[in-house]
Amino acid sequence: MVTLLPSNKFDLMEKHRHKRIKTKSGGLKTPFFMPDATRGLVKFLSNDDLKKAGVGPMVVNTYHLFLQPGVKLIRQAGGIHDFMNYRKPLLSDSGGYQVFSLIHKNPQMGKITDQGVMFRSPLDGQKHFITPEKSIQIQFDLGVDMLVCFDDPPPNNYKKEKIAQAVERTIAWAQRCLMEYKKQLIKRKIKGSERPLIFCVVQGGEHIDLRKRCVEGLLAVAEKVGLKWDGFGFGARHIDGEGNFMGEVLQKTADFIPEKYLRFALGVGTPEDIVKCYKMGWDMFDCVIPTREGRHGKLFLRKSNNQLSIINTQSNAKDRKNIKNKFYETISIKNNKFKKDFGPVDERCDCYLCKNYSRAYLNHLFRIRDPLGMRLAAVHNLKFYADLLEELRKI
RNA sequence: GGGUCGGUGGCAGAGCGGUCAAUUGCAUCAGACUGUAAAUCUGACGACUUCGGUCUACGGCGGUUCAAAUCCGUCCCGGCCCA
């Protein structure tokens with residue numbers, strides 16, 4: 001494998017660590033990245049593609065799977081692993097993010113109360129009431145290896161008092177989630193080694209005091225219930241209104257979370273954001289970037305050296321400035337300049353795309369909008385992420 | 001040869017006297033995307049420009065009109081119908 005990271009480029013605090021965790025579907029070493037298989041698949045990819053891309057654990061989504069095909073069917077299939085025929089660890093996101101992405105962004109899509117959330121299905125408009133308890137029950141029904149508490153992630157630009165309110169709600173919901181978790185373990189007679197790991201989520205937007213309050217509240221709640229969290233997630237968006245990475249908030253939040261807990265930076269992120277978070281002590285990541293941007297024709301490339309990128313010259317001024325800090329480059333394969341480029345997408349990459357096809361061919365696939373193009377691009381980007389994380393595991 | 005319907009920007013196809021450099025779709029060019037309502041979304045798309053405008057454009061030519069892609073004449077080209 002070609003080294004991705006320049007060895008001396010990161011002047012951040014060195015708080016990274018390596019943990020080993022056990023799940024019923026196998027062990028994991030941190031740090032690791034999980035692609036989002038929201039509806040029970042990484043769009044366009046087969047399990048074989050995932051394997052070739054070096055994908056291990058993945059994230060599925062409670063709310064989306066609840067809507068379709070429904071929990072009952074997945075139970076009949078023998079659980080989400082059997083349904084997908086995927087044997088590696090799976091983490092289910094609670095549906096909390098959909099409180100943000102569907103409702104906070106679009107109030108007519110549902111209603112949030114202390115009791116729970118009324119979602120209006122984007123599929124057919126039907127109403128569904130999801131409570132913290134229900135989210136946990138669904139996640140047990142899915143049979144995942146890791147589950148996440150149902151939370152309320154407000155947009156970062158909300159007034160502080162509203163974010164504080166979301167923090168208190170998230171803490172209260174976490175307690176209800178943990179109680180339900182306890183109940184389900186007993187009800188289903190789940191033994192220690194079969195126990196899914198449980199993550200709570202820290203809210204608080206850009207406010208460090210609220211993040212602190214949230215971590216403390218979540219620790220207190222666990223004590224009250226008499227169980228321990230396996231990990232803490234960083235909730236809401238980790239970029240501010242201008243698209244800037246909220247480095248200090250991420251760093252401080254990591255510091256508030258006691259060392260022994262896993263730290264899961266939900267939704268992070270770009271390769272550089274992952275590296276930064278890793279250095280701060282975050283262990284786990286998931287993001288749609290490699291797959292979505294791949295489907296949209298953006299490919300991640302290993303840099304030939306530590307010099308400035310010359311490829312991405314058409315990006316805006318802000319990007320051009322930022323690119324100095326990047327250890328990789330990106331191309332938009334749809335661009336005209338690749339029409340007759342018969343070289344591989346990334347000559348330093350050994351993924352299925354780069355080993356078999358040219359830039360010109362991929363450009364053609366995107367021009368005719370054939371799904372094969374999106375599939376190959378997603379495989380390539382996931383391999384890039386897999387290689388990056390493999391490298392981080394060695395640092 | 002007669003009749004009839006048509007010829008609009010790369011293509012398809014609106015417009016049928018001024019608000020038209022011309023709706024819309026496709027194509028093209030670029031950009032965005034961070035716990036996936038995303039095979040999506042945004043912008044540009046005649047030429048020049050001191051960004052206020054200026055010019056050239058709706059088959060050709062010639063008219064009518066203050067004003068024509070839009071009305072009239074004629075020519076060229078195409079579809080269909082009749083001989």
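Chain identifiers are assigned alphabetically (A, B, ...) following the order of the sequence lines, protein sequences preceding nucleic acid strands; residue numbering begins at 1 within each chain.
- Taking atom CZ of A:Arg292 as the reference point, atom C1' of B:rC41 lies 10 Å away to the nearest angstrom.
- Spacing between atom CG of A:Asn61 and atom C1' of B:rA37 amounts to 11 Å, rounded to whole angstrom units.
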Kindly determine whether A:Glu194 and A:Lys24 satisfy salt bridge (charged side-chain N to carboxylate O under 4.0 Å, His left out), including the steps that lead there. CA-CA 5 Å; A:Glu194 294 289 300; A:Lys24 65 184 169 66; 5.7 Å; no

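- Between A:Asn336 and the phosphate of B:rU28, there is no side-chain N or O to OP1/OP2 separation shorter than 4.0 Å.
- If you check every strand for non-hydrogen atoms under 4.0 Å, A:Asn106 touches a base.
- Base pairing annotation: B:rC20 forms no Watson-Crick or G-U wobble pair, as no partner gives both donor-acceptor distances under 3.5 Å.
- Rounded to an integer number of Å, the gap from A:Lys334 NZ to B:rA44 C1' is 16 Å.
- Of the side-chain N and O atoms in A:Asn335, one or more sit less than 4.0 angstrom from OP1 or OP2 of B:rA30.
- Using a 4.0 Å heavy-atom distance criterion, A:His64 is classed as a sugar-phosphate-only contact.
- Within the 4.0 Å cut-off from OP1 or OP2 of B:rG35, not a single side-chain nitrogen or oxygen of A:Ser101 is found.
- Across all strands shown, A:Gln68 has no heavy atoms under 4.0 Å from either base or sugar-phosphate atoms.
- Comparing B:rA39, B:rA37, B:rC33 by their closest approach to the side chain of A:Arg295 singles out B:rA39.
- Counting non-hydrogen atoms of other residues, nucleotides and ligands closer than 6.0 Å to CE of A:Met84 gives a total above 12.
- Nearest to the side chain of A:Tyr97, among B:rA39, B:rG35, B:rA37, sits B:rG35.
- Residue contacts for A:Phe44: at a heavy-atom cut-off of 4.0 Å it reaches a base atom on one of the strands shown.
- Pairing for B:rC29 goes to B:rG43, judged as Watson-Crick or G-U wobble with the two contacts each under 3.5 Å.
- Summarising the base pairing, B:rA38 is matched to no nucleotide, lacking a Watson-Crick or G-U wobble pair whose two defining distances lie under 3.5 Å.
- Under 3.5 Å, the side chain of A:Asp273 and the base of B:rU34 form at least one donor-acceptor pair of N or O atoms.
- Position along RNA chain B of the nearest nucleotide to A:Lys105 versus A:His296 favours A:His296 as the more 5'-ward residue.
- Between A:Gln98 and B:rG35 there is no side-chain N or O to OP1 or OP2 distance below 4.0 Å.
- Within 4.0 Å of A:Met109, counting heavy atoms only, lies at least one base atom of the nucleic acid.
- Under the Watson-Crick or G-U wobble criterion, with both distances below 3.5 Å, B:rG73 is paired with B:rC61.
- Within 4.0 Å of A:Asp93, counting heavy atoms only, lies at least one base atom of the nucleic acid.
- Centroid-to-centroid, the aromatic rings of A:Phe140 and A:Tyr181 come within less than 6.0 Å.
- Distance A:Leu376 CG to B:rA39 C1': 14 Å, rounded to the nearest Å.
- Base pairing of B:rG1 is made with B:rC82, judged by Watson-Crick or G-U wobble geometry with both donor-acceptor distances under 3.5 Å.
- The distance between atom CG of A:Leu102 and atom C1' of B:rG35, rounded to the nearest whole Å, is 13 Å.
- If you check B:rA27, B:rG35, B:rA38 against the side chain of A:Arg369, the one that comes closest is B:rA27.
- As judged by a 4.0 angstrom heavy-atom cut-off over every strand, A:Ala236 is placed among the base-contacting residues.
- For A:His16 and A:Tyr278, the ring centers are positioned less than 6.0 Å apart.
- A straight line from CZ of A:Phe119 to P of B:rU36 spans 12 Å, rounded to a whole angstrom.
- A donor-acceptor pair under 3.5 Å links the side-chain atoms of A:Asp49 to the main chain of A:Ser46, judged by distance alone.
- Salt-bridge formation is not detected for the pair A:Arg213/A:Asp209: no Lys NZ or Arg NE/NH1/NH2 atom is positioned less than 4.0 Å from an Asp or Glu carboxylate oxygen.
- In this structure, of B:rC33, B:rG31, B:rG35, it is B:rG35 that holds the atom nearest to the side chain of A:Pro153.
- Between A:Trp282 atom CH2 and B:rG35 atom C1' there is a gap of 12 Å when expressed in whole angstrom units.
- With RNA chain B read from its 5' end, the first of the two nearest nucleotides for A:Arg367 and A:Lys43 is the one closest to A:Arg367.
- Formation of a donor-acceptor pair under 3.5 Å by the A:Asp286 side chain with backbone atoms of A:Val59 is not found in this model.
- Between B:rG13 and B:rU64, the two C1' atoms lie 30 Å apart (nearest whole Å).
- A donor-acceptor contact under 3.5 Å is formed by the side chain of A:Asp151 with the base of B:rG35.
- Within the nucleic acid shown, A:Arg237 comes within 4.0 Å of sugar-phosphate atoms alone, with no base atom in reach, counting heavy atoms only.
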